[in-house]
Amino acid sequence: MGQAYAVTAEFYDLLQAAEQLAVSGRLLDRWLGSPEVGVLDVGAGTGLAVSLLARRCAVPVHAVEPAASMRAVLLSRIAGQSEVLPRVRVHARNVQDLGLVGVADFAWCLNTMAGLDVSDRAAALRALATALVPGGRLVVQRPPAHAADGRRDLPSWQLGGDLYSGEVVTTPVGADRVRWRFSYRVSREGALVREETEVFDGHLATESGFDAELAAAGFTVVGADDPDIVIARR
Ligand SMILES: C[S@@+](CC[C@H](N)C(=O)[O-])C[C@H]1O[C@@H](n2cnc3c(N)ncnc32)[C@H](O)[C@@H]1O
């Protein structure tokens with residue numbers, strides 16, 4: 001994972017947090033329940049959900065995040081929050097190498113599975129199953145089933161008279177892969193001040209294929225939600 005997210009970490013919250021928080025809040029209202037053992041956030045990123053989870057639950061929160069740039073934002077987010085810090089443990093590694101057993105009865109993994117190929121997904125789902133106690137709930141976003149050529153604007157924000165904006169360009173790569181090119185721009189009085197780009201490779205999976213991967217790891221699918229969310233029981 002070395003330098004992955006090195007560019008994106010600077011812009012992620014500014015451009016994407018509002019959308020992510022709205023989706024996460026709605027999903028947690030519906031699916032979190034009342035964890036009694038612990039909660040796990042896999043691909044915790046900048047800690048948007050870690051913060052929500054820590055405020056909504058009284059149990060330990062395990063945040064799994066391999067990218068140093070994203071962890072830096074996560075740690076800044078919770079720094080100084082004395083009521084939260086004792087319960088958040090950050091695991092600076094890939095979920096495939098998590099190595100935790102029975103530490104949680106709720107696991108959360110959004111916007112992350114698409115970055116893993118089929119064998120890493122299998123290892124990730126096995127690690128998640130091992131980390132959950134029997135009966136534990138997993139809320140996971142599927143990899144996309146299709147990738148169509150396209151371009152989408154990210155939300156933009158004014159900061160001190162500068163406009164921060166971004167776009168993502170999606171390009172299919174062969175039958176089962178996709179490439180996302182994120183461009184981030186800072187403009188002043190209509191002129192570009194700087195532009196940064198980061199490219200991510202993703203992997204597609206059919207709904208039935210991903211359900212079968214969940215089953216192979218010991219999960220039973222029990223529900224679904226938007227966007228592309230699967231609820232599974234360990
Ligand atoms: C697109 S971000 C999403 C962050 C957060 N879940 C959200 O929805 O805002 C994906 C995150 O997954 C992390 N990630 C990538 N591969 C991972 C792996 N194998 N195990 C755990 N996290 C991983 C990345 O470093 C990144 O922070």
Side-chain angles (χ1 to χ4, degrees), residues 1-28 31-32 39-54 61-78 88-100 103-104 106-131 138-144 152 154-155 166 168 170 177-182 184 198-203 205 213 217 225-230:
M1 292 294 300
Q3 296 302 308
Y5 288 88
V7 169
T8 292
E10 177 185 355
F11 301 96
Y12 191 86
D13 277 8
L14 184 67
L15 301 186
Q16 299 186 69
E19 242 167 48
Q20 279 301 121
L21 284 171
V23 170
S24 297
R26 176 180 59 75
L27 290 171
L28 289 175
W31 299 110
L32 176 62
V39 303
L40 192 57
D41 183 358
V42 166
T46 60
L48 294 167
V50 169
S51 199
L52 294 180
L53 288 164
V61 178
H62 294 271
V64 185
E65 178 47 59
S69 54
M70 297 296 258
R71 279 200 313 275
V73 184
L74 186 163
L75 292 172
S76 295
R77 184 183 307 287
I78 58 174
V88 177
R89 179 169 291 184
V90 177
H91 303 271
R93 67 184 79 137
N94 288 327
V95 61
Q96 303 91 300
D97 308 319
L98 188 56
L100 296 179
V103 297
F106 181 84
W108 173 263
C109 181
L110 256 61
N111 209 0
T112 297
M113 279 290 158
L116 307 186
D117 67 20
V118 67
S119 89
D120 280 338
R121 282 202 306 273
L125 293 175
R126 277 197 305 273
L128 271 162
T130 305
L138 169 65
V139 174
V140 58
Q141 190 166 30
R142 305 172 188 277
R152 162 174 85 84
L154 300 175
V168 52
T170 302
R177 292 183 56 199
V178 56
R179 181 157 292 162
W180 292 290
R181 182 182 182 86
F182 282 78
Y184 308 104
E198 187 162 16
V199 173
F200 298 94
D201 287 321
H203 302 267
E213 292 173 22
D225 209 322
D226 291 324
D228 296 326
I229 302 293
V230 188

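Atoms within each ligand, like the ligands themselves, are counted from 1 in listed order. Just so we're clear, the structure is a prediction, and the values are computed from it rather than from any experiment.
Of the polar atoms of M70, none of the N or O atoms is found under 3.5 Å from an N or O of ligand 1, judged by distance alone. Distances between N or O atoms of L110 and those of ligand 1 include at least one value under 3.5 Å. Any N or O atom pair closer than 3.5 Å counts here, and D41 shares no such pair with ligand 1.
Two residues are said to be in side-chain contact when any heavy atoms from C-beta on lie closer than 4.5 Å; T8 and Y184 meet this criterion. Taking 4.5 Å as the limit, every side-chain heavy atom of V118 sits out of range of all side-chain heavy atoms of H203. In this structure the side chain of V199 reaches within 4.5 angstrom of the side chain of R179, judged on heavy atoms.
Atom numbering of ligand 1 starts at 1 in the shown order; those under 4.0 Å from a heavy atom of Q96 are 18 (C), 19 (N), 20 (N). Per-residue contacts place Y12 under 4.0 angstrom from the following atoms of ligand 1 (heavy atoms of the residue considered): 3 (C), 4 (C), 7 (C), 8 (O), 9 (O). Of all atoms in ligand 1, numbered sequentially from 1 with element shown, those under 4.0 Å from a heavy atom of L116 are 19 (N).
Proximity of F200 to ligand 1 is not established, as no heavy-atom distance is less than 4.0 Å. Remark: distances from the non-hydrogen atoms of G115 to ligand 1 are all 4.0 Å or more.
Under a 4.0 Å N-O distance rule, the pair E213/R121 qualifies as a salt bridge. Contact check on D225 versus R26 returns a salt bridge, with a Lys/Arg side-chain nitrogen under 4.0 Å from an Asp/Glu carboxylate oxygen.
Residue contacts with ligand 1, taken as heavy atom pairs separated by less than 4.0 Å, do not involve Q16 at all.
For the atom pair L110 CG and I229 CD1, the distance stands at 4.0 Å (nearest 0.5 Å). Put simply, OH on Y5 and CZ on F182 are 7.5 Å apart, with the number rounded to the nearest 0.5 Å.
When the heavy atoms of S24, A17, G43 are ranked by distance to atom 6 (N) of ligand 1, first place goes to G43.
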